[in-house]
Amino acid sequence: MTCKILNGNWLSEQYARGVGRRVEALVKSGKRPPGLGVILVGDNPASLAYVGRKEKVAKRCGFITKEERLSGAASEDDLLAVIESYNGDPEIDGILLQLPLPGGLNADRMLDKISPSKDADGLHPLNQGLLMRGAGMLRPCTPSGLMRLIDLAYSDVRPEGDVDIEKDIPEVDLSGKSAVVVGRSILVGKAAALLLLERNATVTVAHSRTKDLAAVTSQADIVVAAVGREEFVKADAVKEGAVVIDVGINRASSGKLVGDVAFDEVQGKCSAITPVPGGVGPMTVIMLMHNTFLAYEQHLKSQHQFNKQAG
Ligand code: NDP
């Protein structure tokens, strides 16, 4: 079976081109550019690298970025002051609070303070509640990004050259398809399950207490692995022709980054698979920009409305 490699680097670049073009046109017409406000607490090397990558992609999309770095000894009040300054900053449309936070800082309490209209990560309880309702605009980035990779899997598009994303890679209806999500975290598994349901897939959520996991996943047309265990999903746990989405990022003892799926053996069996790195990771980053752009459009609209009412 020919297996389609779902190249997230390519797909995210297609998004960046599209967003960049729209921003360029808006700025030419006299509008301000979208703004991303980044908050980094402490000096975790992985977080530093992630933030650097996100800022680079934001610039590629034509956004301005502001960055606030706090020491690892910062208090919740220090962090709150930065969040509030971004909440009130008219040049900032999306706020990125890089996780994990150093010990002593409660991530949920801090995420709750981000203005829901600037919640670029889609992790504010209001936006999560709207997601439950099948509504809302700012959805969590990793689950949204992996949905677009599933769309790529079912499209005729080969991940090469330039495409018009909306036209060439439409959102697919997954009626009649079964999907198994392995992992039930708020960040990935639960939200991915909701998005798959929204597209009419028949969804099973598996986790560490699931009995005979391979028997469950091997029935599925779509497998999403968000476990955090190196090469955990093997070929015998995957149905012939399935679409396999690997969210995991694990550092192997060799130092190499590997996913939750045993890529080499599974790719011989499935119809489409995401690589690690270069699959879900870049899509997570570009969905942050997508959300920031959506928030920006909303902010421009509200400003326009306000100006009209103010005469
Ligand atoms: P969590 O640790 O929060 O959740 C892991 C989930 O896997 C839990 O629900 C857990 O079950 C389940 N699990 C653990 N062991 C088993 C097992 N033996 N069998 C079945 N299920 C199991 O991780 P995240 O959801 O935050 O992240 C998952 C992976 O995705 C990580 O590698 C992370 O680095 C990566 N990630 C990648 C992103 C990207 O952009 N590519 C973004 C976010 C995360 P239980 O609930 O029962 O404990």
Side-chain angles (χ1 to χ4, degrees), residues 5-12 15-16 44-47 49-54 56-58 96-101 107-108 111 120-123 128 131 139-150 152 179-196 203-220 223-234 236-238 244-253 255-263 273-291:
I5 307 296
L6 303 170
N7 184 342
N9 284 324
W10 171 84
L11 188 56
S12 69
Y15 262 98
N44 175 330
S47 293
Y50 283 133
V51 160
R53 203 169 311 149
K54 287 169 184 172
K56 202 166 142 202
V57 177
L96 158 66
L97 173 58
Q98 184 63 42
L99 301 178
L101 296 177
D108 282 347
L111 290 169
D121 271 319
L123 296 177
Q128 291 193 325
L131 175 68
R139 264 90 191 277
C141 299
T142 303
S144 307
L146 73 83
M147 289 307 296
R148 295 301 279 140
L149 287 162
I150 292 174
L152 174 61
V180 174
V181 181
V182 191
R184 55 175 164 177
S185 72
I186 283 281
L187 195 61
V188 190
K190 273 185 195 157
L194 287 172
L195 293 181
L196 285 159
V203 183
T204 303
V205 182
H207 46 77
S208 66
R209 311 294 175 91
T210 300
K211 200 170 148 194
D212 199 356
L213 184 68
V216 176
T217 53
S218 60
Q219 300 299 312
V223 176
V224 176
V227 186
R229 287 176 174 233
E230 188 182 328
E231 302 194 329
F232 179 73
V233 177
K234 310 278 189 216
D236 64 0
V238 173
V244 179
I245 305 292
D246 190 351
V247 181
I249 306 175
N250 311 289
R251 181 74 63 186
S253 46
K256 215 176 117 191
L257 280 187
V258 293
D260 288 347
V261 176
F263 183 89
I273 189 168
T274 58
V276 176
V280 175
M283 289 308 294
T284 298
V285 177
I286 200 67
M287 287 300 130
L288 181 80
M289 308 312 152
H290 181 66
N291 279 347

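Remember, it's 1-based here, ligands and their atoms both numbered in the order they're listed.
Scanning the protein for heavy atoms near atom 15 (N) of ligand 1, the closest one is Arg229 NE, 3.3 Å. Atom 9 (O) of ligand 1 has as its closest protein heavy atom Arg184 N, 2.8 Å. In terms of protein heavy atoms, atom 18 (N) of ligand 1 is closest to Phe232 CZ, 3.4 Å. Closest to atom 31 (C) of ligand 1 among all protein heavy atoms lies Gly228 CA, 3.6 Å. The nearest protein atom to atom 12 (C) of ligand 1, hydrogens excluded, is given as Gly183 CA, 4.1 Å; this is a heavy-atom distance. Taking atom 4 (O) of ligand 1 as the reference point, the nearest protein heavy-atom neighbour is Ser185 CB, 3.8 Å. Of the protein's non-hydrogen atoms, the one nearest atom 42 (C) of ligand 1 is Thr142 OG1, 3.3 Å. Here the heavy atom of the protein found nearest to atom 16 (C) of ligand 1 is Val227 CG1, 3.7 Å.
Here atom 6 (C) of ligand 1 lies nearest to Ala226 when heavy atoms of Ala226, Ser208, Ala46 are compared. Evaluated by nearest non-hydrogen atom to atom 27 (O) of ligand 1, the leading choice among Leu288, Val233, Val188, Asn250 is Val188.
Within ligand 1, counting atoms from 1 as listed, the ones closer than 4.0 Å to a heavy atom of Gly281 are 40 (O), 41 (N). Of all atoms in ligand 1, numbered sequentially from 1 with element shown, those under 4.0 Å from a heavy atom of Gly248 are 29 (C), 30 (O), 32 (O), 35 (C).
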task: For side-chain hydrogen bond (donor to acceptor under 3.5 Å, both in side chains), just list the numbers for Gln98 and Lys54, CA-CA rounded to whole Å, side-chain angles, deciding distance to a tenth of an Å, and then say yes or no.
output: CA-CA 10 Å; Gln98 184 63 42; Lys54 287 169 184 172; 2.9 Å; yes
message: Using side-chain contact (heavy atoms from CB on, under 4.5 Å), reason through Arg251 and Leu257 one step at a time and then give a plain yes or no.
response: CA-CA 5 Å; Arg251 181 74 63 186; Leu257 280 187; 3.7 Å; yes
- request: Any chance you could lay out the side-chain contact (heavy atoms from CB on, under 4.5 Å) test for Phe263 and Ile273, step after step, and finish with the verdict?
  value: CA-CA 8 Å; Phe263 183 89; Ile273 189 168; 3.6 Å; yes
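Here the side chain of Asn250 pairs no donor or acceptor atom with the backbone of Ala252 at under 3.5 angstrom. Distance alone, capped at 3.5 Å, is enough to place a donor-acceptor pair between the Asp260 side chain and the Val227 backbone. Put simply, the side chain of Lys234 gets close to the backbone of Glu231: a donor and an acceptor are under 3.5 Å apart.
Using a 4.0 Å cut-off between heavy atoms, Thr210 makes no contact with ligand 1 at all. With a 4.0 Å cut-off on non-hydrogen atoms, Ile249 touches ligand 1 through its backbone as well as its side chain.
The environment of Lys56 atom NZ is sparse: at most 12 non-hydrogen atoms of other residues, nucleotides or ligands sit within 6.0 angstrom.
The shortest N or O to N or O distance between Val280 and ligand 1 is not under 3.5 Å. Remark: ligand 1 and Val247 share an N or O pair separated by less than 3.5 Å (distance only, no angle test). Remark: ligand 1 and Thr284 share an N or O pair separated by less than 3.5 Å (distance only, no angle test).
We find the NE2-OG distance between His207 and Ser185 to be 12.5 Å, quoted to the nearest 0.5 Å. We find the OG1-CD1 distance between Thr274 and Ile245 to be 5.0 Å, quoted to the nearest 0.5 Å.
Looking only at atom types and distance, the side chain of Asp121 has no donor-acceptor partner in the side chain of Asn291 under 3.5 Å away.
Using a 4.0 Å heavy-atom cutoff, Gly189 is absent from the residues neighbouring ligand 1.
Nearest heavy atoms, Leu131 versus Ala191: CD2-CB, 3.9 Å.
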What side-chain donor-acceptor pairs closer than 3.5 Å can you find for residues 140-150, not counting sequence neighbours?
{"from": "Thr142", "atom 1": "OG1", "to": "Thr284", "atom 2": "OG1", "distance (Å)": "3.1"}
{"from": "Ser144", "atom 1": "OG", "to": "Pro140", "atom 2": "O", "distance (Å)": "2.7"}
{"from": "Arg148", "atom 1": "NE", "to": "Tyr15", "atom 2": "OH", "distance (Å)": "2.6"}
{"from": "Arg148", "atom 1": "NH1", "to": "Asp151", "atom 2": "OD2", "distance (Å)": "2.7"}
{"from": "Arg148", "atom 1": "NH1", "to": "Ile169", "atom 2": "O", "distance (Å)": "3.0"}
{"from": "Arg148", "atom 1": "NH2", "to": "Ile169", "atom 2": "O", "distance (Å)": "2.9"}

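Protein heavy atoms all stay at least 4.0 Å away from atom 2 (O) of ligand 1.
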